[in-house]
Undergrad: 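I'd like to ask some things about the structure below.
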Amino acid sequence: MGQRLVDSFGRMHRDLRISVTDRCNFRCTYCMPEEGMAWLPRRELLTYEEIERVARLFVERYGFESIRLTGGEPTVRAHLPVLIEKLSRLPVDLALTTNGVSLRLLARDLAVAGLTRINISLDSLRAERFAAMTRRDSLAEVLAGIDAALDAGLAPVKVNVVVMRGVNDDELVDFAAFGRARGVTVRFIEYMPLDAAGAWTNEQVVGRDEIVATIGSVFPLEAVGRPDGAPAERFRFADGGGEIGVIPSVTNPFCGSCDRVRLTAEGQLRNCLFALTELDLRSLLRRGASDDEIGAAIQQAVATKSAGHLINQPVFIRPPRSMSQIGG
Ligand code: SAM
Ligand code: SF4
């Protein structure tokens with residue numbers, strides 16, 4: 001160890017997001033098309049051994065402190081606890097982002113394998129709307145999945161809500177009440193232009209200020225702040241009933257303190273969610289490159305990270321991949 005991964009703006013990187021699959025058992029409207037998504041053939045995915053090698057390099061050589069597994073839907077990849085068990089041997093905070101639909105069956109195995117934290121996506125508490133947004137009628141399973149995660153001792157359990165104008169923005173207060181009742185932190189995410197259909201418009205974004213004002217008018221809130229490198233701004237309920245988070249990726253992005261890199265399911269390293277270029281780590285791994293060679297390529301890829309995304313500016317170019325293909 002001893003080296004650090006620093007970009008040309010002086011940002012030190014510590015957080016690795018690993019997508020374990022591009023597949024998903026949902027088709028959320030803001031993420032995937034209803035049909036026609038071409039999945040990667042199995043041989044194109046990094047194996048668990050390849051993922052472990054890359055993760056180890058980031059942790060042991062560059063002092064990474066946090067690894068989050070995502071996708072697509074990570075729980076559709078076979079034997080996920082095997083990967084968790086391998087990665088849990090590294091000295092990192094190990095987390096998972098999931099749609100929660102399989103957690104009734106999996107939460108305990110994941111916890112036993114060494115997972116600590118979990119984020120569960122849930123965009124509506126109304127069954128019909130949930131089915132329309134995810135294109136799968138599974139609200140009851142996801143709610144049971146949240147309970148299963150709590151019962152398995154995964155902590156903290158956070159619930160992620162993508163807020164879309166005219167779709168679920170009338171449920172902000174319901175979600176705040178849900179979080180208070182269940183003892184989970186609900187985090188409201190501003191809708192980003194990473195939907196597969198390319199249908200995103202600025203008018204569909206419900207911004208941080210509106211989210212906080214709406215919830216605060218019913219449950220008064222106090223700002224807690226945003227720790228360096230954290231995407232969420234935190235607000236606590238003034239009566240001590242817990243807290244909420246808002247991820248203002250569009251109206252107030254955290255690019256200035258971003259400490260993340262992302263590895264796609266087929267082994268492409270991305271230095272930003274909105275990056276237009278990638279480093280082909282899989283080719284390096286499969287042609288037998290040494291850790292030094294791979295490390296040098298990673299340093300180069302991080303060094304060239306841009307200052308921030310340019311959503312809302314005329315020069316903004318959408319990445320050709322959707323959120324499910326990048327690994328959110
Ligand atoms: N399938 C898992 C899930 O849904 O949690 C993990 C992958 S998903 C791509 C990761 C996160 O990205 C989820 O919280 C999801 O709500 C969020 N997401 C997907 N598309 C988004 C978009 N266009 N804008 C904002 N967040 C998005
Ligand atoms: Fe699947 Fe997650 Fe994308 Fe929904 S947000 S389609 S669950 S990858």
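All figures in this text were calculated on a predicted structure; none of them were measured in a lab. Counting begins at 1 with the first residue of the sequence. In each ligand, atom 1 is the first atom listed, and ligand 1 is the first ligand listed.
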Undergrad: Would Arg108 and Asp151 pass as an ion pair if we require N to O under 4.0 Å?
TA: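 The answer is no: the pair does not qualify as a salt bridge.
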Undergrad: Contact between Leu122 and Leu143 at the side-chain level, heavy atoms closer than 4.5 Å - yes or no?
TA: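 Answer yes - side chains close enough.
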Undergrad: Looking at Glu190, which atoms of ligand 1 are within less than 4.0 Å of one of its heavy atoms?
TA: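 So the answer, numbered in order with elements, is 25 (C).
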Undergrad: If the cut-off is 4.0 Å to any non-hydrogen atom of Gly71, which atoms of ligand 1 fall inside it?
TA: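 Reading through ligand 1 atom by atom, the close ones are 7 (C), 9 (C).
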Undergrad: Of all the atoms in ligand 2, which lie at a distance below 4.0 Å from a heavy atom belonging to Gly72?
TA: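 Close to Gly72: 8 (S).
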Undergrad: Any atoms of ligand 1 less than 4.0 Å from a non-hydrogen atom of Thr70? List them with their elements.
TA: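 Those of ligand 1 that fall under 4.0 Å from Thr70 are 6 (C), 7 (C).
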Undergrad: Counting only nitrogen or oxygen atoms and a 3.5 angstrom limit, does Met192 reach ligand 1?
TA: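 N/O-N/O distance under 3.5 Å: yes.
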Undergrad: For atom 9 (C) of ligand 1, what's the nearest protein heavy-atom neighbour? Residue, atom name and distance, please.
TA: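 For atom 9 (C) of ligand 1, the nearest protein heavy atom comes out as Met323 CG, 3.5 Å.
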Undergrad: Which atoms of ligand 1 sit under 4.0 Å from any heavy atom of Asn160?
TA: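 In order of numbering, the contacting atoms are 14 (O).
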Undergrad: Nearest heavy-atom pair of Glu222 and Ala238: which atoms, and what distance?
TA: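 Residues Glu222 and Ala238, closest heavy atoms: OE2-CB, 3.7 Å.
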Undergrad: Heavy atom under 4.0 Å from ligand 2: found in Cys28's side chain, backbone, both, or neither?
TA: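 Within the 4.0 Å criterion, Cys28 contacts ligand 2 through backbone and side-chain atoms alike.
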Undergrad: Does any N/O atom on Gly72 come nearer than 3.5 Å to any N/O atom on ligand 1?
TA: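 Checking ligand 1 against Gly72, an N or O pair does fall under 3.5 Å apart.
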Undergrad: Is it true that the NZ or CZ of Arg226 lies under 6.0 Å from the centre of Phe254's six-membered ring and within 45 degrees of the ring axis?
TA: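 Not flagged: Arg226 not positioned over aromatic ring of Phe254.
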Undergrad: With respect to Glu73, determine whether any N or O atom, backbone or side chain, lies less than 3.5 Å from an N or O atom of ligand 1.
TA: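 In this structure, Glu73 places an N or O atom under 3.5 Å from an N or O of ligand 1.
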Undergrad: Check Glu34 with Arg27, please: is the shortest side-chain N to carboxylate O separation under 4.0 Å?
TA: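 Not counted as a salt bridge, because no side-chain N and carboxylate O are separated by less than 4.0 Å.
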Undergrad: Looking at Arg53 and Asp291, does any basic side-chain N land under 4.0 Å from a carboxylate oxygen?
TA: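 A salt bridge is present here (some side-chain N lies under 4.0 Å from a carboxylate O).
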Undergrad: Numbering the atoms of ligand 2 from 1, which are under 4.0 Å from a heavy atom of Phe26?
TA: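 Every atom of ligand 2 under 4.0 Å from some heavy atom of Phe26: 6 (S), 7 (S).
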Undergrad: By number and element, which atoms of ligand 2 are closer than 4.0 Å to a non-hydrogen atom of Cys24?
TA: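 Ligand 2 atoms under the 4.0 Å threshold to Cys24: 1 (Fe), 6 (S), 7 (S), 8 (S).
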Undergrad: Search all heavy atoms of Thr47 against all heavy atoms of Arg286 and return the closest pair with its distance.
TA: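 Between these two residues, the closest heavy atoms are N-NH2, 4.3 Å.
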Undergrad: Relative to atom 3 (C) of ligand 1, which among Pro193, Ser249, Ser121 owns the nearest non-hydrogen atom?
TA: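 Among Pro193, Ser249, Ser121, the closest heavy atom to atom 3 (C) of ligand 1 comes from Ser121.
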Undergrad: Output the list of atoms in ligand 1 that are nearer than 4.0 Å to some heavy atom of Tyr191, sorted by atom number.
TA: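 That gives atoms 23 (N), 24 (N) of ligand 1.
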Undergrad: Just to confirm my output: which protein heavy-atom neighbour is closest to atom 3 (Fe) of ligand 2, and how far is it?
TA: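 Protein heavy atom with the smallest distance to atom 3 (Fe) of ligand 2: Cys31 SG, 2.4 Å.
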Undergrad: With side-chain hydrogen bond (donor to acceptor under 3.5 Å, both in side chains) as the test, would you mind laying out the steps for Glu73 and Thr21 before giving the verdict?
TA: CA-CA 7 Å; Glu73 174 47 40; Thr21 178; over 6 Å; no
Undergrad: In ligand 1, which numbered atoms sit nearer than 4.0 Å to a non-hydrogen atom of Asn99?
TA: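 Listed by number with element: 2 (C), 3 (C), 5 (O).
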Undergrad: If the cut-off is 4.0 Å to any non-hydrogen atom of Asn99, which atoms of ligand 2 fall inside it?
TA: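 In order of numbering, the contacting atoms are 7 (S).
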Undergrad: Give a yes or no on whether a salt bridge exists between Arg56 and Glu52, defined as a side-chain N under 4.0 angstrom from a carboxylate O.
TA: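 Answer for the salt bridge query: yes.
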Undergrad: With rounding to the nearest 0.5 Å, note down the distance linking CG in Leu105 to CG in Leu110.
TA: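 Those atoms lie 10.5 Å apart.
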Undergrad: Any salt bridge between Asp292 and Arg61, counting N to O under 4.0 Å?
TA: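 The answer is yes: the pair qualifies as a salt bridge.
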Undergrad: If I apply the N/O under 3.5 Å rule, does Tyr30 come out as touching ligand 1?
TA: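 In this structure, Tyr30 places an N or O atom under 3.5 Å from an N or O of ligand 1.
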Undergrad: Hey, is Val162 touching ligand 1 through its side chain, its backbone, both or neither, going by heavy atoms under 4.0 Å?
TA: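 Contact part for Val162 vs ligand 1: side chain (C-beta onward).
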Undergrad: Would you find a donor on one side and an acceptor on the other, under 3.5 Å apart, between the side chain of Arg104 and the backbone of Ala144?
TA: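 Answer holds: no.
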Undergrad: Do Thr98 and ligand 1 have an N or O pair less than 3.5 Å apart?
TA: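 Yes, since at least one N or O of Thr98 sits under 3.5 Å from an N or O of ligand 1.
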